[in-house]
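Written below as structure tokens is the structure these notes are about.
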Amino acid sequence: MSTTDASLTAAQAAAVDHRDGPLLVLAGPGSGKTRVVTRRLARLVESGVRPRSLLAITFTNKAADEMQRRVAQLMPGARVWVSTFHRFCARLLREHAAMVGLQPNFTILDAGDQRQALRQILRDEDLDPVAFGAEKIGYRISAAKNDLIDADTYRRRYEEQSADHWQAAVVRVYPAYQRWLLASNAVDFDDLLLHTAVLLAENDELRSQLDERYRYIIVDEYQDTNRAQYQIVSALSQIHRNLCVTGDPDQSIYGWRGARIENILRFEGDYPDARVVRLEENFRSTQSIVRSADRLIGHNRKRKAKRLVTDNPEGEPVSLLCFRNEGHEAEGLAQRMQQLADAGRDWSDFAVFMRVNALSRQVERALMRRRIPHQVAAGAAFFDRAEVKDLIAYLRLLENPADRAAFSRIVNTPARNLGETSQRRLLRWANEQGLTPLEAAARAKEVPKLSKRSVAAFRAFAEMMAEFSLADAGAVAALVTRIINRTGYVRQWEGSPNEKDLERLENVKELVTAASEYDEAAGDERSLSGFLEQTALVNETDSLDTSRGQVTLMTLHAAKGLEYPVVFVLGVEQGLIPHERAIRDGSAEELEEERRLLFVGMTRAREQLFLTQTVERVLRGRTLPTIPSPFISELECTPEYVETSAPAPVWSSVPTLAANGDRSARDDHSPRPLLMTGAELLRGGTSQAELPRGFALGSQVRHPRYGVGTVVDIGGFGQRRTVTVTFRDDARTEKFVASQSPLQPVGH
DNA sequence: CAGGCCGTGCTTTTT
DNA sequence: GCACGGCCTG
């Protein structure tokens with residue numbers, strides 16, 4: 001969307017030209033919202049507002065970077081600070097940490113640490129960590145924090161009478177968890193918002209000082225704000241009511257995370273003098289895409305009526321591709337992309353969206369087989385890898401010696417013969433003495449009941465940690481390198497032929513690279529806390545490469561705010577979109593959110609939009625017939641049953657018995673009607689996986705772990721078929737369920 | 001006490 | 001298919 005000033009529509013111009021007072025910009029997808037916001041920022045600066053009086057807040061890092069980049073483009077030189085909510089709050093809290101009981105060097109905990117901590121607390125509270133999953137407890141605590149309910153309030157509200165035993169458990173765990181956080185001088189994601197909201201609510205002097213400083217505030221994606229964020233924003237817009245919020249209720253997809261769609265719906269009630277601008281013209285997509293998406297979203301009841309129109313050409317109809325199963329689906333997508341690429345499309349023109357990350361694997365494999373370059377914006381982020389987290393934990397502990405999560409993570413990594421018992425004794429003593437874990441380690445001699453060996457190991461650890469400092473190393477990358485060398489962290493993997501170990505070494509290298517990049521970007525400003533904050537608040541999606549000719553795979557949630565010429569939305573089926581969980585809960589609200597999610601996905605497409613569904617799909621290891629998503633009948637699309645050639649063997653897990661069995665069942669090329677129900681297709685096909693040739697009694701097979709062996713027995717039928725194999729190397733004999741084993745034929 | 005192996009249980013979405 | 005926890009062994 002490159003446009004010149006003159007091309008602003010009347011509505012866009014109204015938003016850009018608005019200066020003082022509250023402003024609500026309701027912006028449909030592709031309506032040029034970012035352009036309006038950046039132009040408005042530029043306009044304000046031009047008219048004499050100092051950039052530091054502006055506060056622009058987005059939801060994601062990517063959106064923040066994009067906005068910053070575009071403002072810089074409009075006005076080279078002017079530095080307007082665009083930040084995410086979490087980053088803004090982190091910065092504010094570092095400045096005023098003491099007011100909420102923290103020190104400025106507090107750690108931002110990741111989800112893994114949080115889970116670990118909750119697990120420990122559950123044990124301490126004599127609650128069964130199996131019956132009460134740490135994750136679910138954490139989810140409830142998070143929900144409370146997003147609704148501005150702190151631990152004390154929660155306890156007071158529910159300790160007398162809890163709605164259920166989960167709530168009763170949270171009554172005990174939540175306050176203990178907050179004590180643990182405080183003792184660790186740490187916060188979780190939600191605390192960043194909650195602490196800030198509390199800080200502003202309880203300290204009017206600070207509140208009005210900040211309110212005064214930020215004369216103009218812009219909040220993007222306002223429909224995704226939760227109560228805490230709402231309160232923060234309104235606390236800063238009392239004196240100067242120049243609050244501009246933009247968003248689209250139809251793209252609210254974070255209700256599950258505490259987002260309150262009401263925040264945007266009631267903006268006009270909160271600010272009766274608000275100017276409302278509607279951006280309803282879509283400049284992104286073809287007529288057929290816009291029409292289809294508009295019809296879909298029209299089925300939502302709880303919304304602000306808004307039309308979505310475009311002057312763009314009609315384009316090709318939205319296409320619904322139906323496949324036999326997820327293997328064919330993946331193969332079909334890859335084939336379709338290949339065709340379109342042959343006709344001139346660039347790989348970076350394509351995006352594949354799915355409801356859940358788990359669906360990406362098949363597509364990745366299909367793309368790999370065809371050597372189609374691609375990237376995945378997936379949950380398994382770089383900073384989630386164990387080896388990366390370990391090294392980061394060293395940095396965290398250096399920055400914040402109270403960081404119990406970091407200490408526990410690395411005190412025995414690499415192994416220093418410090419077992420769980422010794423660690424528990426040390427930590428208990430540290431708590432009693434009011435010491436940080438690191439101080440306690442240095443004084444391990446005083447800890448009761450520690451073995452001599454453990455005392456020595458703890459002290460050696462403490463002494464080693466004392467040797468590290470950013471000042472000495474000069475740069476974060478140098479410090480990380482020192483830590484790697486001094487601890488011998490990578491020694492365990494060096495020289496290993498194991499692919500996983502190689503990958504670990506790669507990741508460690510990549511971390512050093514990331515640190516150098518930070519060092520370079522931050523210059524003299526570089527600090528451990530700066531680097532750590534970045535690693536804590538940045539995710540994989542933020543680093544997606546848009547330029548380098550690659551197909552992009554991501555979840556529907558991650559897709560918001562992006563656009564691609566050709567979009568595939570995977571698995572538009574009952575149970576996926578809408579997700580099983582939204583259906584099970586049976587609430588109309590959740591179903592509408594699922595509809596919005598599909599709406600968001602569809603409206604990312606500029607020229608071509610493909611929705612896909614399969615007849616059967618493997619879910620949790622079981623093959624089940626699928627039901628088309630009810631949303632399909634609410635939109636406009638042209639169905640097409642696609643018969644792909646069988647997916648070729650995968651190179652990574654090589655041909656499995658299951659894959660081979662599938663293929664033999666599928667090789668008949670009988671014509672199929674355009675649309676079939678799952679049942680029809682199942683009836684027509686051979687659902688029983690036959691044992692393929694090459695796995696007869698006495699044939700040679702290879703197992704990735706056990707090596708080559710001989711089939712000595714065969715039993716069972718169909719999916720339950722088993723093979724018993726005696727392996728050559730250690731003469732062990734193993735029985736496998738054929739359709740689920742990673743065995744592959746040798747020879748033949 | 002550490003490491004490896006095996007079985008179980010689960011799987012939405014993310015700052 | 002996966003990761004994690006638990007169990008067992010060395």
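Within every chain, numbering begins at 1; the chains are lettered A, B, ... in the order of the sequence lines, protein sequences first and strands thereafter.
Residue-level contact check: A/A415 touches the backbone only, with heavy atoms under 4.0 Å from sugar-phosphate atoms and none from bases. The residue A/L192 sits apart from the nucleic acid: no heavy atom pair falls under 4.0 Å. If you check every strand for non-hydrogen atoms under 4.0 Å, A/F85 touches nothing.
With distances taken from any side-chain atom of A/S422 to the nucleotides B/dC1, B/dT15, B/dT14, the minimum falls on B/dC1. Comparing atom distances between the A/R581 side chain and each of B/dT11, B/dT14, B/dC1 picks out B/dT11 as nearest. Between B/dC1, B/dT15, B/dT13, one nucleotide has an atom nearer to the side chain of A/V356 than all others, and that is B/dT13. In this structure, the nucleotide among B/dC1, B/dA2, B/dT14 sitting nearest to the side chain of A/N412 is B/dA2.
Residue order along DNA chain B, read from the 5' end via each residue's closest nucleotide, puts A/E135 first among A/H86 and A/E135. Between A/G419 and A/E590, the residue anchored nearer the 5' end of DNA chain B, judged by the nucleotide with its closest heavy atom, is A/G419.
Note on ring orientation: taking the six-membered ring where Trp is involved, the planes of A/F407 and A/F461 are perpendicular (angle over 60°, cut-offs 30° and 60°). Relative ring orientation between A/Y222 and A/Y230 is described as tilted, the plane-to-plane angle lying within the 30° to 60° band.
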Between protein and nucleic acid, restricted to nucleotides 2-6 of chain C and to nitrogen or oxygen atoms under 3.5 Å apart, what atom pairs and distances do you find?
{"unit_1": "C/dG5", "atom_1": "OP1", "unit_2": "A/R119", "atom_2": "NH1", "d": "3.2"}
{"unit_1": "C/dG5", "atom_1": "OP1", "unit_2": "A/R119", "atom_2": "NH2", "d": "3.2"}

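Put simply, CZ on A/R617 is 15 Å from P on C/dG1, counting in whole angstrom units. One atom, CD of A/E420, and another, P of B/dG3, lie 14 Å apart when rounded to the nearest Å. Rounded to an integer number of Å, the gap from A/Y139 OH to B/dT14 P is 13 Å. One can place CE of A/M354 at 10 Å from P of B/dT13, the figure rounded to the nearest angstrom. Rounded to whole Å, the distance from CD on A/E592 to P on B/dT13 is 22 Å. Rounded to an integer number of Å, the gap from A/I57 CD1 to B/dT15 P is 16 Å. Here B/dT13 presents its P atom at 13 Å from CZ of A/R257, a figure rounded to the nearest Å. Between the C1' atom of B/dT15 and the CZ atom of A/R87 lies a distance of 11 Å, rounded to the nearest Å.
Note that CD of A/Q362 and OG1 of A/T614 are 10.5 Å apart. Values are rounded to the nearest 0.5 Å. Considering CG of A/N61 and OG1 of A/T58, their distance stands at 7.0 Å, rounded to 0.5 Å.
Remark: side-chain polar atoms of A/R604 are not paired, donor with acceptor, to backbone N or O of A/Y564 under 3.5 angstrom. Within the 3.5 Å criterion, the main-chain N or O of A/F599 finds a donor-acceptor partner in the side chain of A/T603.
For A/K302, the salt bridge (charged side-chain N to carboxylate O under 4.0 Å, His left out) partners are A/E262, A/E589, not counting sequence neighbours. For A/R123, the side-chain contact (heavy atoms from CB on, under 4.5 Å) partners are A/R119, A/Q120, A/P129, not counting sequence neighbours. Evaluation of the salt bridge (charged side-chain N to carboxylate O under 4.0 Å, His left out) rule for A/E125 yields A/R172 as partners, not counting sequence neighbours. For A/D224, the salt bridge (charged side-chain N to carboxylate O under 4.0 Å, His left out) partners are A/K560, not counting sequence neighbours.
A/N357 has no side-chain polar atom (N or O) that falls below the 4.0 Å cut-off from OP1 or OP2 of B/dT11. OP1 or OP2 of B/dT14 lies within a sub-4.0 Å distance of a side-chain N or O belonging to A/T555.
Centre separation under 5.5 Å together with a plane angle under 30° does not hold for the ring of A/F189 and the six-membered base ring of B/dT14, so they are not marked as stacked.
Taken residue by residue, residues 217-232 of chain A places no heavy atom nearer than 4.0 Å to DNA chain C.
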